[in-house]
Amino acid sequence: RTTSNLTLNFGLRWEYFPRAEEHFNAQSNFVPGPGMTGGTLYFPASRANEVPQVFIDQLGLDGIAFKPTNGPIWGTAPKKDFGPRFGFAYHALSNLVVRGGYAIFYGGFATLPLNSYGTSNFPFLVQSNFTSPNDTTPITSDNSIGSLENGLLNVPLNPANPTHLSAITLRGSQPNWKDDSEQNYNLTLQYELGKKTTLQTAYVGSVTRHLALELPANTVSEMLPPGTKVVPYRFYPNFGNGGKEAWPWGNGNYNSLQVS
């Protein structure tokens with residue numbers, strides 16, 4: 001309390017949000033190149049021997065470098081998340097009080113699901129679709145091709161098969177990540193109309209920066225005529241459509257006038 005009618009509050013908070021790490025290093029990070037051309041797949045060096053050469057060759061077809069990495073796959077977490085706080089209350093008149101405040105808060109990387117950390121990248125997770133070429137394959141009525149007990153035994157599931165690799169999608173995040181931040185501010189006038197009645201008018205606002213967004217990592221960026229095959233127009237035509245890339249690009253704002 002600085003004077004009989006003025007009170008000030010100051011504060012400073014430091015926050016640190018480390019990146020999630022898979023216990024067995026079963027994660028990789030795909031970072032596209034400028035303009036979604038080429039890029040790098042950062043892979044834990046301790047598990048690089050599990051990657052078939054045919055997959056590395058497939059990456060090279062789209063200009064993607066395979067880089068075994070010692071240390072954090074996701075880069076380093078920001079260490080400058082300092083959030084100041086300030087507030088005041090000023091008794092301007094016998095029946096009028098003015099209050100205000102400002103603060104910065106950080107949200108970290110918690111808004112994204114765990115599979116956004118590359119744990120669903122090949123070869124840690126393999127997804128494959130099989131379309132039966134006829135009404136009986138892979139199972140026939142006399143079990144000559146496949147018995148019910150053997151399930152999909154006759155379905156080709158070799159993860160190193162180039163046919164399957166063309167359907168693989170990639171996930172990743174920018175290594176130089178910025179945690180999302182929110183600036184909150186308000187200004188309030190409280191006026192006493194009578195012994196039991198007050199009128200309060202307030203402006204409340206906020207600005208948010210660096211919100212985490214998940215955007216497709218491999219899609220078509222232009223309008224194509226009907227019937228056009230889209231595969232050659234993808235950013236990475238030798239990989240499946242979709243995938244996810246996390247970017248700290250989101251912004252938001254809020255403004256309100258509140259009367260009570």
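All figures in this text were calculated on a predicted structure; none of them were measured in a lab. We're numbering straight along the sequence, starting at 1.
- Linking Ile, Leu, Val, Met, Phe, Trp and Tyr residues whenever their side-chain heavy atoms come within less than 4.5 Å leaves Phe122 and Leu61 in two separate clusters.
- Put simply, the side chain of Tyr90 never gets that close to the backbone of Arg99: no donor and acceptor are under 3.5 Å apart.
- Across all non-hydrogen atoms, the minimal contact from Lys195 to Glu192 is CA-OE2, 4.1 Å.
- The closest side-chain heavy-atom distance from Leu257 to Thr201 is below 4.5 Å.
- Side-chain contact between Val31 and Pro175 is present, with heavy atoms from C-beta onward closer than 4.5 Å.
- Using a 4.5 Å cut-off between side-chain heavy atoms of Ile, Leu, Val, Met, Phe, Trp and Tyr, with links allowed through other members, Leu215 and Met36 fall into the same hydrophobic cluster.
- Ion pairing between Arg171 and Glu214 holds under the 4.0 Å rule for side-chain N and carboxylate O.
- Trp74 and Leu211 fall into different hydrophobic clusters, defined by Ile, Leu, Val, Met, Phe, Trp and Tyr side-chain heavy atoms under 4.5 Å apart, directly or through other members.
- The nearest pair of heavy atoms linking Pro32 to Trp247 is CG-CZ2, 4.4 Å.
- Taking the side chain as every heavy atom from C-beta outward, Thr208 and Ser181 never approach each other to under 4.5 Å.
- Tested against Leu59 for a side chain to side chain contact (heavy atoms under 4.5 Å, CB included), the candidates Ile168, Thr40, Leu41, Val51 yield a single pass: Leu41.
- Of all non-hydrogen atoms in Val98 and Ala92, the two that sit nearest each other are CG2-CB, 4.4 Å.
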* **Intermediate values then yes/no, side-chain hydrogen bond (donor to acceptor under 3.5 Å, both in side chains), Tyr102 and Gln183** => CA-CA 7 Å; Tyr102 173 84; Gln183 302 178 54; 2.6 Å; yes
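- Summarising the geometry of Ser206 relative to Asn184, their closest heavy-atom pair is CB-OD1, 3.2 Å, with the distance given to 0.1 Å.
- In terms of hydrophobic clustering, with Ile, Leu, Val, Met, Phe, Trp and Tyr side chains grouped at heavy-atom distances under 4.5 Å, Val97 and Tyr185 are assigned to different clusters.
- Formation of a donor-acceptor pair under 3.5 Å by the Ser256 side chain with backbone atoms of Val204 is found in this model.
- Contact annotation: the side chain of Phe235 never approaches that of Thr37 to less than 4.5 Å [non-hydrogen atoms, C-beta and beyond].
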* To do: Quick one: do Phe17 and Tyr106 satisfy ring pair (Phe, Tyr, Trp, His ring centres under 6.0 Å)? Show the steps, please.
  => CA-CA 9 Å; Phe17 300 94; Tyr106 292 91; 7.6 Å; no
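- Panel note: side chain Thr7, backbone Asn5; no donor-acceptor pair is recorded below 3.5 Å.
- Panel note: side chain Asn29, backbone Ser173; a donor-acceptor pair is recorded below 3.5 Å.
- Counting only distance, with no hydrogens or angles, the side chain of Asn218 and the backbone of Phe239 share a donor-acceptor pair below 3.5 Å.
- The salt bridge (Lys or Arg N to Asp or Glu O under 4.0 Å) pairs that include a residue from residues 227-238 number zero, where partners must be two or more places apart or lie in different chains.
- Of the possible polar contacts, one joining the Thr228 side chain to the Pro225 backbone as a donor-acceptor pair under 3.5 Å is found.
- Using a 4.5 Å cut-off between side-chain heavy atoms of Ile, Leu, Val, Met, Phe, Trp and Tyr, with links allowed through other members, Tyr254 and Leu187 fall into different hydrophobic clusters.
- Between the side chain of Arg85 and the main chain of Ile104, a donor-acceptor pair closer than 3.5 Å is present.
- No more than 12 heavy atoms of other residues, nucleotides or ligands shown are found within 6.0 angstrom of CG on Asn176.
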* **Full working for side-chain hydrogen bond (donor to acceptor under 3.5 Å, both in side chains) between Gln174 and Glu245** => CA-CA 8 Å; Gln174 294 302 293; Glu245 187 71 18; 3.2 Å; yes
* Given the rule in the side-chain contact (heavy atoms from CB on, under 4.5 Å) test, do Phe30 and Ile64 qualify, once you have shown the distances and angles that lead to the verdict? -> CA-CA 9 Å; Phe30 171 56; Ile64 303 172; 3.7 Å; yes
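- By the 4.0 Å N-to-carboxylate-O rule, Glu15 lies close enough to Arg13 to be salt-bridged with it.
- Few gaps surround OH on Tyr16; more than 12 heavy atoms of other groups in view lie less than 6.0 Å from it.
- Within the 4.5 Å cutoff, the side chain of Phe24 has heavy atoms near those of the Arg47 side chain.
- Phe43 has its side chain within reach of Pro123: a pair of non-hydrogen atoms, C-beta onward, lies under 4.5 Å apart.
- Closest heavy-atom contact between Ile73 and Gln27: CG1-O, 4.2 Å.
- Here the side chain of His210 pairs no donor or acceptor atom with the backbone of Ala212 at under 3.5 angstrom.
- Annotation for Phe105: atom CZ counts as buried by contact number, over 12 foreign heavy atoms lying within 6.0 Å.
- Annotation: side chain of Glu182 is not in contact with side chain of Val207 (no heavy-atom distance under 4.5 Å).
- Heavy-atom minimum distance, Gln58 versus Asn238: NE2-O, 2.8 Å.
- You'll find the side chain of Phe86 stays beyond 4.5 Å of the side chain of Asn9, heavy atoms only.
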